Structures are given as structure tokens and as C-alpha cells.
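The model shown is predicted, which means the values in this text are computed figures rather than measured ones. Letters A, B, ... are given to chains in the order of the sequence lines, protein chains preceding strands, and every chain is numbered from 1.
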Amino acid sequence: MRTSFWTQATAITKRDLMRERRSGEVLWVTLPFGAIALLLIPIAIGTDRPTLRAIGIGMYWVIVMLFGVLIAVRQAHTESQAQRDVVALTGIDPAAGYVGRVIASFLFLIGFEAVLAVVTIALYDVPLDGWAWMPLVMVLVGLGLSLLGTLAASIVSTGRSASALVPLLVAPLSVPLLIGATQTFEAIRLGRSSLTWTLMMTIVILLLAIAGVLSARTLQES
Amino acid sequence: MRAGATHILRDITLNVEPGEAVGVFGTNGAGKTTLLRLLATLLKPATGTGTILGADLSSDERYEVRPRIGYVGHVPGLYPEMTLDENLSFIASAMAIDHDAVLSSLAAVGLAGASDRRAEVCSHGMQRRAEFARILMTEPEFLLLDEPHSALDGNAVDLVDDLVRRTVNAGGAAVLVSHERTRVEKLATYSVEIKGGTLS
């Protein structure tokens, strides 16, 4: 019996969550390093409160992007050809596989962003006005990075240099998300509308989702 | 079948009818595994035509027949962090198979007591058994086995032979790639040799 698209996607998501629960790569490696990076900046530039307040939100998004890329692309080096063959032969729709992996990455990234947000508030004493927008921007960035990282991992997953290539590919392409996230808060700080920036992020996400779903079958074959 | 400008397989003509098991022999690098992955629809031929379970190898029809194919490669496709039960349960959930089938398949290959053991701490032989448990669970019509007897003890070897016989007797088919001629020739309806990417 053939299972539905969402049953297949859910199976892939559950698999990725289970693998992460066992390996602890995000929880015990990437997350602490992200938090340490946020901690090192005040040590490096000094603890001048106005300076830290001014750069806090920007630093947060830079760290989220840099370390988030590693979370989003981790599957490029955690799935072997033999494992991909087994999944392909279950008859899982490659698009469902893509969506399932994106959902798992998104959940990791949302958790990662939430923890780092708390660390940023604690270390940088950032003003909390405009933070009502934070959940929306976190979702947009998490989704954008997940879509981009999963797509890039699929493109180079069969290459020998996949683990090195994917972050190099994803980091520059995630810049629109970084700009969107930082400018949303800058607009709020200046009392302007941030709609343009969130709209830009939404369009990037939609385009990535379409590209990922449409290319999933071709990429599985490559 | 090409990799860049190099032909890995060329001029291959192979006909496997229902009820047949075909042995494929050849030296390392002859193209045996590539042939098997091609038959498993995991690779697309650069030229020529092929039909697997009625599906054209070059068209999207091949995606539809994949769940009816049972492929065991020489490298286990298990996730090392997951237990044997979790590995098979993942496949079962994607294919709408009951969890009871997971447990009975593991029991059938002698792994009932190791179902909650992570794949990474299992021996290569146990991992191979788990791969065959996956095949038992999915009940494929077309078996594609790469070195089916490798790393298996006597009981497991008999189990694999039984799986091939049962599939073939039920009207399915099998292609067995191996170095162990004697063992495979006992199971095979006929055998072919692959040399330099060409069948003889």
C-alpha cells in the first residue's frame, strides 16, 4: 500500500529527530558553540552597555546564520549512499523526503534560535521593544535556512567534498535572510514599517520551497 | 551506463523472467554493483532501454515499482544511531507496514533479542541480517542481492537461500551478484559473467 505524501514526510522528520536525539549534534555541539560565540564578542569588545545594546540584535542574527547553516546542512554528511538507496526504494516521494527533512531542520533551528535569543537578551541587554516580531522573524529565518540547507545538501550530497561545499554554498545565499531579519528590527527601532523586509523573506522562502520540491526527484537521481 | 566519458556498463542484454534467479559473477570493478543498482532503478541508463516489473527504466514509471524491489547492497543502509527496531520501523512507517511485521521479521532472522540494540554496536553480520529482515518485511517481488552470503553464518546463509527460493517459487525473480559461485549457482536458474562492463 502506498502511503500519503504527509505520512512519508512525517516518517522522514521522525527519523531525523530520532537521529539527532541519539547523536546530540545540534544540542551538544552546535548550540553550545553558538552560545560561546555570543559570549566571546562582549569579552572581545568590552562590556560597554550602550555598544552591546546597539550591536546585540545584529550579532544574534549573524551567529544564528553562521551556526544555523551548519544545522541546516548537517544531513549532507550524515546520510550515506546506502542509506539513500534504502529510502529511495521504499517509494518515498523525493518531494516528501525534502519536506520531511526541512521540517526536522526547522524544528532544530527554532530551538537553536530560541536558546540563543535568551542568551542574547541576557548578555547584551538588548531593548525588548519590537520583540513581538521575534517569533515571526525566527520562523521565517528558520524556515528559510532549512529550505536552503536541505536543497544545497541534496545538490551536493553525492560529491566527495559535500561537507565542505555545502556551507560555502549556503552561507552567501542566506544573506537575504540575514538582511531581512536585521532590517526588520532596524525598521522597528526607527519606527518604520517592517513589512517590506518580512515580505522579502517570505518571497525567498516561497521560491526556495518551490525550487526544493520541484527539483527533489531530479536531485535524488543525480 | 556512463560515469563522465567512461562507460561502466555497455551492451548489456539481460532478461529475467518471473520464477527465475540469475547469478551474476565477475571480478572486482567489473560493474556488478552498478548493474544491480541499475536494475534497482537507482541509476538511469545513459542509452538503451530496460523494463523492470513492467516499468520503463528511463521513465518516471520506475518510481512506482520501487517498493516491489528488494535490494540489499554490500554496504548496510542502516542508520547507526538508531536501533534495529527503529531502523525497520522507519521503513515500515513509510510503507504502511504494521509494527508486528517489524518484530516478526527481526525474529525470523534471529535478531528478536537484539531489536533494541543500536545498529552501530551490531556486528557486520547482524547488520546484514537486519537488512534481510527489511526484505522479509517488505515482501518484494524482485530481489537484487549484492554478495548475499557475505558476512553471514551458516543459519543466516540458509535463511537467505530460503528467501530467494520462496520469492522465485511465488512467481518473483532474483538477481544475485556474488563471488561465491558454488553457493549462488545452486540457487540460480542460469548465470552470467560480467567482464569490463559487458555481460557474457
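Taken to the nearest 0.5 Å, the CE atom of A/M18 stands 7.0 Å off from the OG1 atom of B/T83.
When heavy atoms are compared at a cutoff of 4.5 Å, A/I92 approaches chain B solely by way of its side chain, counted from C-beta outward. With a 4.5 Å cut-off on non-hydrogen atoms, B/P76 touches chain A through its backbone but not through its side chain. For B/I97, no part sits under 4.5 Å from any heavy atom of chain A, backbone or side chain. Contacts between B/R118 and chain A at a heavy-atom distance below 4.5 Å involve the side chain alone, from C-beta outward. With a threshold of 4.5 angstrom between heavy atoms, B/T138 does not approach chain A through any atom at all.
Annotation: maximal heavy-atom pairing with chain B below 4.5 Å, among A/P94, A/A82, A/G91, occurs at A/A82. Listed options B/T41, B/V75, B/L42, B/I69 were ranked by heavy-atom pairs under 4.5 angstrom with chain A; first place goes to B/L42. Heavy-atom pairs under 4.5 Å with chain A were tallied for B/N87, B/D60, B/V72; the largest tally goes to B/D60.
Counted by atom type alone, A/R19 and B/Y79 present zero donor-acceptor pairs between their side chains at under 3.5 Å.
Of the possible donor and acceptor atoms, one in the side chain of A/Q83 sits under 3.5 Å from a partner among the backbone N and O of B/L78. Counting only distance, with no hydrogens or angles, the side chain of A/T3 and the backbone of B/M95 share no donor-acceptor pair below 3.5 Å.
Proximity of B/Y63 to A/D93: side-chain heavy atoms (C-beta onward) are nowhere separated by under 4.5 Å. Taking 4.5 Å as the limit, some side-chain heavy atom of A/R22 sits within range of a side-chain heavy atom of B/E86. Side-chain contact between A/R15 and B/M82 is present, with heavy atoms from C-beta onward closer than 4.5 Å. A 4.5 Å side-chain heavy-atom check between B/Y71 and A/V86 finds every atom pair outside the cut-off.
Residue A/F5 places its CZ atom among more than 12 non-hydrogen atoms of other residues, nucleotides or ligands, all under 6.0 Å distant.
Of all the heavy atoms in B/R37 and A/D85, the pair that sits closest is NH2-OD1, 2.8 Å.
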